[in-house]
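First up is the structure itself, then whatever we jot down about it.
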There are 2 protein chains.
Amino acid sequence: MRAKHGLGQPWWHGKFRGCGYRITLGREVILDILAKADTHLSAEDIYIKAHAQYPNIGLTTIYRTLDILANLGLIYKFDFGDGRARYELTKGPKGTHHHHLICTGCNRVIDYTDFIDEEVELLRQTEKGLAKKYNFKIINHLIQFYGLCNKCSVKR
Amino acid sequence: MRAKHGLGQPWWHGKFRGCGYRITLGREVILDILAKADTHLSAEDIYIKAHAQYPNIGLTTIYRTLDILANLGLIYKFDFGDGRARYELTKGPKGTHHHHLICTGCNRVIDYTDFIDEEVELLRQTEKGLAKKYNFKIINHLIQFYGLCNKCSVKR
DNA sequence: CTCCTTATTGAAAATGATTTTCATTACCAT
DNA sequence: ATGGTAATGAAAATCATTTTCAATAAGGAG
C-alpha cells in the first residue's frame, strides 16, 4: 500500500485534500489498484481486488470514489459497449496518452499510442476551431476505433 | 408513413429483406421516426413518438429493432454519458458525416461537420496503420469532444 | 388467394449496473 | 483529545435494457 511517488505523500493527496475530500483507507486502496492496473477495470473488477486487500470495503464506496476521481479529472471513464463502465488513471504509470481499438467481436481492447502525435496535433487544431465557433470550453476528447481482431475476423 | 425515396420501396427494405428480416408496421414506424429526427433519440424518445402513431407498439420492439439496425450498420448507437443510449441513422436525411461536441454540464450535444474532412483523412491513415500493426479489420470510429458550453461555463 | 412455417410481437418478469437512503463510523482541523 | 462533518456499508431503490413465453402476422409455396 502507500504507493508513494518518490518521497512524501502519494501524488493525489494534494488535489484530493484541496477539494475538501478526506483521505481514507478505502480510497488509498482504490487508487493503488488503479495505479497498478495494466488493463481497463470495471467497478466490479476494482471491488474484487480491493476486497482482497480490505475486506470491509463495499461496492458502493468503489462507485462513489470513482465518481469523485472522474470529476476531479484523475481518471477517465470509458464505455466500450459491454454495458459496464471502465476506468483508467488519467496519467498512467507510464503517463502515456493513448486511444483505444475495440474488437466488437470479443470486446478486446487494445491501447495504442502510434500515430498519437499526429492525431493530437489535429485534435488541438480542431479543438481550437470548435471552441471558437461554438463558444465551447473543450476539456477532453475521446477517440475509439471499432472493428474485428484477427481471431474474430476469421471466425466470422 | 411509407417514407419513400423517390419511387419504389423505402431504401432500407432491400438490406432488411436480404438479411431475412421481415418488414413490419412497427419497424416502418421506427425507421420513419429515425429518418425524420433532427436530434439524437433514446429508445424511450423513439417509443413515445412511435406510440403516438401506432399505440400498440411495445418498448421491447423498439429495443429489438434498434439492435438489428445497429448490427446492420444502418444506425449508430452512442453513449453521451447520461446513462441511456442514443441512436442516429448512419446516413442522415442530409447524409452528412459528423462528430459530436458534448457539454458535460448540461449534456447538450452539438453535431459539427467542421474540420470533418481533415479528421476523416487523418483517421483513414491511422486506420490503415493500425489495421496493419494490430491485424485489425477496422469498421468504424468514434470521435467526441467533451467540455462546457458557454452557459455552463459561466454558471460554474 | 390460402396455408404453413417461422419471424415478430407485447406484456410481464428478470437482469444487472449504478444510486440512494440512513444510521454508524472515522477523518482531521482546532 | 474532540467535535463537526465527510465517508462508509448494507440494504433497498432505480432504471435502462433483456429475456421469457404464448399469441400473432409476414410472406413464400402451392
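From a predicted model like this one, the values you see are computed outputs, not experimental measurements. Residue numbers start from 1 in every chain, and the chains themselves are labelled A, B, ... in the order their sequence lines are given, proteins ahead of strands. All values below come from the heavy atoms of this structure, side chains included, with hydrogens, waters and symmetry mates left out.
Using a 4.0 Å cut-off between a side-chain N of Lys or Arg and a carboxylate O of Asp or Glu, A:Asp32 and A:Lys36 qualify as a salt bridge. Between A:Glu127 and A:Arg124, none of the side-chain N atoms (NZ, or NE/NH1/NH2) sits under 4.0 Å from a carboxylate O, so this pair counts as no salt bridge.
The distance between atom CZ of A:Arg84 and atom P of D:dT18, rounded to the nearest whole Å, is 14 Å. Atom CG in A:Asp82 sits roughly 14 Å away from atom P in D:dT17 (whole-Å rounding). Rounded to whole Å, atom P of C:dA26 lies 14 Å from atom CD1 of A:Ile57. Between the NE2 atom of A:His13 and the P atom of C:dC27 there is a distance of 12 Å, given to the nearest Å. For B:Asp67 and D:dA16, the CG to P distance is 18 Å, given to the nearest whole Å. When rounded to the nearest whole Å, the span between OH of B:Tyr21 and P of C:dT8 equals 7 Å. Between the CG atom of B:Asn71 and the C1' atom of D:dT18 there is a distance of 14 Å, rounded to whole Å.
Between D:dA7, C:dT9, C:dA12, one nucleotide has an atom nearer to the side chain of B:Thr60 than all others, and that is C:dA12. Closest approach to the A:Ala85 side chain among D:dT17, D:dA10, C:dT18 is made by C:dT18 (side chain taken as heavy atoms from C-beta onward). Here the nucleotide nearest the side chain of B:Arg22, chosen from D:dA16, C:dA17, C:dA7, is C:dA7. The listed nucleotides are C:dT9, C:dT18, D:dA7; the one nearest the side chain of A:Arg27 is D:dA7. Looking at the side chain of B:Ile23, the nearest of the listed nucleotides D:dT17, D:dG27, C:dT21 is D:dG27.
OP1 and OP2 of C:dA26 both lie 4.0 Å or more from every side-chain N or O belonging to A:Thr24.
Toward the 5′ end of DNA chain D lies the nearest nucleotide of B:Tyr63, the other residue of the pair B:Tyr63 and B:Arg17 mapping further downstream.
Counting all heavy atoms, side chain and backbone alike, A:Tyr134 lies closest to B:Leu101 at CD1-CD2, 3.7 Å.
Nucleic acid contact class of B:Gly26 (heavy atoms, under 4.0 Å, all strands): none.
The aromatic rings of B:Phe145 and B:Tyr112 sit tilted relative to each other, their planes meeting at an angle between 30° and 60°.
With values rounded to the nearest 0.5 angstrom, A:Glu28 atom CD is found 4.5 Å from A:Trp12 atom CH2.
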